[in-house]
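Read the structure below first, then the notes.
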Amino acid sequence: MNQARALFRLSLTVLIVLPLLSAAPDERAKVCAACHPKETAAYLKSSMGNSIATPSDTAGGHITSNASRIEISIAERQGHMIHSLSTNGLIAEHPIAYQVGAGKVGYTYIVRIGDYFFESPASWYRQHGWDVSPGYQNMGSVDFDRLVDSDCLFCHADSAKFLGSDGRRVSGVALQAIGCNRCHGPGDEHAKQPSPRNIVNPSRLGQRARNSICEQCHLEGETRLLNPGKTWQDFHPGEELERTATTYLLSQNGQEIRAVSQVEQLALSKCVRASGGKLWCATCHNPHRAAANRASEIRGICMSCHPALSKAAHPVIKECVGCHMPRLTPDDIPHSASTDHRIVRRPAPLPKPENVKVEIAAWQEPPAEFRARDVALAELVIGGSNGLQSLRESGVKRLEALPQREKENDPAVLSGLVSIGLQRRDLEQAIGFARRATQLQPDSGFASLNLALALQNSGDDAGAERQLLHTIELDPSQQAAWTNLTFLYQRQGRQADKIALLDRYLRWNPQSIWFRQLKGMMSEAH
């Protein structure tokens with residue numbers, strides 16, 4: 001992660017320790033299946049029930065990317081899937097720990113380095129086969145270095161337990177697929193004394209609480225911000241999601257300029273609006289019902305409201321989705337397509353108006369006491385990541401206008417203020433806010449790195465060195481800390497310290513192509 005990206009990213013920390021009926025997925029399923037055998041069996045075959053797993057037997061393959069000048073091979077050795085990356089004369093290879101996804105679109109893969117997870121640069125796409133993973137396509141330098149943290153895994157795994165306020169270092173708990181508790185809440189008491197009163201039935205909830213269960217994973221927006229003091233584990237089925245986190249959309253006069261998520265698209269549907277909320281995600285997506293003929297089932301749902309159709313337009317009605325919910329190709333995931341949930345009368349592309357005012361809006365407003373803080377952070381993040389200077393400037397003004405108590409006690413706000421101070425070259429301010437952030441989150445490698453960068457920008461090399469070393473102790477996966485310290489030693493002519501530092505990193509991650517290249521360049525320079 002480079003310095004600019006590190007400073008724009010806010011420390012929206014999450015710690016996932018979700019309640020489980022038991023440690024093993026088969027035992028958990030047995031508990032539910034004792035009373036709900038059909039529902040459990042159908043769920044275990046669903047996409048959510050197979051959201052993450054150890055690698056399946058997918059045929060080996062080979063990827064060549066001229067843009068990135070890499071070659072990746074996928075093979076099986078002694079019962080393990082191995083991904084090997086070759087670039088610039090160096091090879092890195094890792095056994096795959098997990099595959100992410102149920103295979104409907106494809107699989108992305110996770111490797112484990114020490115106590116950290118990283119995304120493999122190779123993914124398998126059902127429509128294409130093997131190719132470069134999402135996020136790696138346009139990178140000039142490719143390695144196994146895209147960290148998979150608790151933010152990433154929240155929607156893909158149920159038992160991911162991460163340590164520290166940053167949610168980056170994983171404990172020894174094995175990852176499991178999304179379980180019953182994600183929609184129904186903790187099931188321990190219900191298993192002991194089954195009652196409708198001690199389990200959540202989403203269909204019986206109010207509209208906001210019901211929809212929040214789906215929105216926790218299927219509403220991406222432009223950014224999602226945890227409210228102060230919240231982690232993702234604080235959301236429990238039956239509650240409204242905006243009491244834990246707020247999703248912000250980037251719009252132009254109310255029209256989305258990005259590929260919207262399923263929830264956003266569905267809200268645009270006339271069918272949903274006319275139903276008064278009766279039509280919702282589970283109307284068509286019931287994870288407990290394995291439909292023998294899904295097209296026929298959805299046709300039945302549609303015709304319950306549209307029994308009389310034009311025979312000229314519908315001479316034969318076999319299914320409805322092909323015409324009214326066509327497949328769209330997203331910009332961010334290659335070789336894939338997603339269903340248009342607007343349920344359009346006639347197929348039409350997503351609107352992308354130009355030369356109009358850019359605004360952001362909360363999908364659902366958070367509690368009133370958090371609104372000023374959340375919109376300030378959203379404008380700062382979205383404006384910075386999309387190059388929208390006016391939006392970022394608005395976020396800066398809003399953030400600086402927050403009450404002093406929020407500036408002193410909210411790590412996310414402090415992180416934003418650090419980035420503002422560095423951009424303005426107000427280094428005293430940046431250092432002050434960065435120090436306060438480390439006091440609030442002493443175990444955060446991100447907060448420590450921010451302080452190190454502020455010190456380094458101020459010319460305090462000795463202080464920066466101490467803080468960079470501390471960052472490495474807290475979180476060795478913070479590559480920017482290693483790189484910045486390496487170049488600090490380079491500027492000071494401390495050759496022995498520089499090589500010793502690179503050797504130390506390579507003892508932690510011997511396969512790193514970037515740090516092997518860096519060591520080679522530094523050694524030649526000497």
Side-chain angles (χ1 to χ4, degrees), residues 1 52-103 105-149 152-153 156-157 168-170 174-175 332-336 476-479 482-483 502-523:
M1 184 188 301
I52 196 166
T54 53
S56 58
D57 294 331
T58 304
H62 191 85
I63 303 166
T64 299
S65 172
N66 294 327
S68 300
R69 301 183 301 279
I70 63 168
E71 292 189 8
I72 307 173
S73 63
I74 299 93
E76 182 179 340
R77 298 179 197 163
Q78 299 179 338
H80 296 285
M81 178 183 284
I82 306 294
H83 286 194
S84 300
L85 167 67
S86 174
T87 179
N88 296 321
L90 295 173
I91 296 175
E93 62 179 35
H94 290 275
I96 298 302
Y98 296 99
Q99 67 182 25
V100 178
V105 174
Y107 298 115
T108 291
Y109 298 88
I110 293 176
V111 304
R112 183 165 183 164
I113 300 173
D115 294 329
Y116 299 85
F117 288 138
F118 293 86
E119 179 190 8
S120 168
S123 288
W124 181 81
Y125 302 89
R126 179 168 294 278
Q127 295 183 0
H128 176 82
W130 291 100
D131 205 347
V132 178
S133 296
Y136 279 104
Q137 308 100 307
N138 300 319
M139 295 178 65
S141 176
V142 176
D143 206 341
F144 290 85
D145 58 2
R146 283 176 57 84
L147 186 84
V148 177
D149 60 10
C152 301
L153 284 176
H156 297 286
R168 293 167 64 94
R169 184 162 61 92
V170 71
L175 302 186
D332 51 348
I333 302 179
H335 314 304
S336 65
S477 72
Q478 292 280 3
Q479 289 192 357
W482 298 89
T483 303
L502 293 172
D503 285 338
R504 179 181 171 186
Y505 181 89
L506 289 170
R507 284 194 296 272
W508 180 73
N509 181 10
Q511 297 289 320
S512 170
I513 287 178
W514 161 241
F515 278 90
R516 280 186 283 166
Q517 287 178 323
L518 186 58
K519 182 181 177 182
M521 289 187 294
M522 292 297 183
S523 299

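Counting from 1, the numbers follow the sequence of the chain as shown.
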Decide yes or no on side chain to side chain donor-acceptor pair (under 3.5 Å) for Gln99 and Ser56, but give the supporting numbers first. CA-CA 8 Å; Gln99 67 182 25; Ser56 58; 3.1 Å; yes
Going through the checks in order, is the side-chain contact (heavy atoms from CB on, under 4.5 Å) test met by Tyr116 and Asp149? CA-CA 8 Å; Tyr116 299 85; Asp149 60 10; over 6 Å; no
Heavy atoms, side chains only, cut-off 4.5 Å: are Phe515 and Asn509 in contact? no
Using atom types as modelled and distance alone, determine if a side-chain donor or acceptor of Arg516 lies under 3.5 Å from a backbone N or O of Leu506. no
Is the backbone of Val100 close enough, under 3.5 Å, to the side chain of Thr108 for a donor and an acceptor to pair up by distance? no
Atom of Gln479, atom of Asp145 and distance for their closest heavy-atom approach: NE2-CB, 3.5 Å
Distance in Å, Ile110 CD1 paired with Leu153 CG, rounded so as to fall on 0.5 Å steps: 5.0 Å
Leu85 vs Ile91, test: side-chain contact (heavy atoms from CB on, under 4.5 Å). Steps then yes/no. CA-CA 6 Å; Leu85 167 67; Ile91 296 175; over 6 Å; no
So does Ile72 get a backbone contact from the side chain of Ser84, meaning a donor-acceptor N/O pair under 3.5 Å? no
Residue pairs involving residues 54-65 (criterion salt bridge (charged side-chain N to carboxylate O under 4.0 Å, His left out); sequence neighbours excluded): none
Could you measure the distance from the SG atom of Cys152 to the CG atom of Leu147? Nearest 0.5 Å is fine. 7.0 Å
Do Thr87 and Val142 come close enough that some side-chain heavy atom pair is under 4.5 Å? no
With salt bridge (charged side-chain N to carboxylate O under 4.0 Å, His left out) as the rule and sequence neighbours excluded, what pairs involving residues 82-97 come up? Arg77-Glu93
Salt bridge (charged side-chain N to carboxylate O under 4.0 Å, His left out): which pairs involve residues 120-144, sequence neighbours left out? none
Hey, does the side chain of Tyr136 reach the backbone of Glu119 with a donor-acceptor pair shorter than 3.5 angstrom? yes
From the list Tyr107, Trp130, Phe118, ring pair (Phe, Tyr, Trp, His ring centres under 6.0 Å) partner of His83 resolves to Trp130
For residues Thr483 and Trp514, report the shortest heavy-atom separation together with the two atoms involved. OG1-NE1, 3.6 Å
What's the spacing between Ile113 CD1 and Ser477 OG if we round to 0.5 Å? 9.5 Å
Measure the spacing between CZ of Arg146 and OG of Ser120 and express it to the nearest 0.5 Å. 11.5 Å
Distance col, row Ile74:CD1 vs Ile82:CD1, nearest 0.5 angstrom, shows 11.5 Å
Lys519 vs Tyr505 side-chain heavy atoms within contact, under 4.5 Å: no
Start with the C-alpha gap between Gln511 and Phe144, add the side-chain angles, then the distance that decides, and say whether side-chain contact (heavy atoms from CB on, under 4.5 Å) holds. CA-CA 9 Å; Gln511 297 289 320; Phe144 290 85; over 6 Å; no
For the CD1 atom of Ile70 and the OG atom of Ser141, what is their distance to the nearest 0.5 Å? 9.5 Å
Side chains of Trp482 and Leu518, heavy atoms from C-beta outward: is any pair under 4.5 Å? no
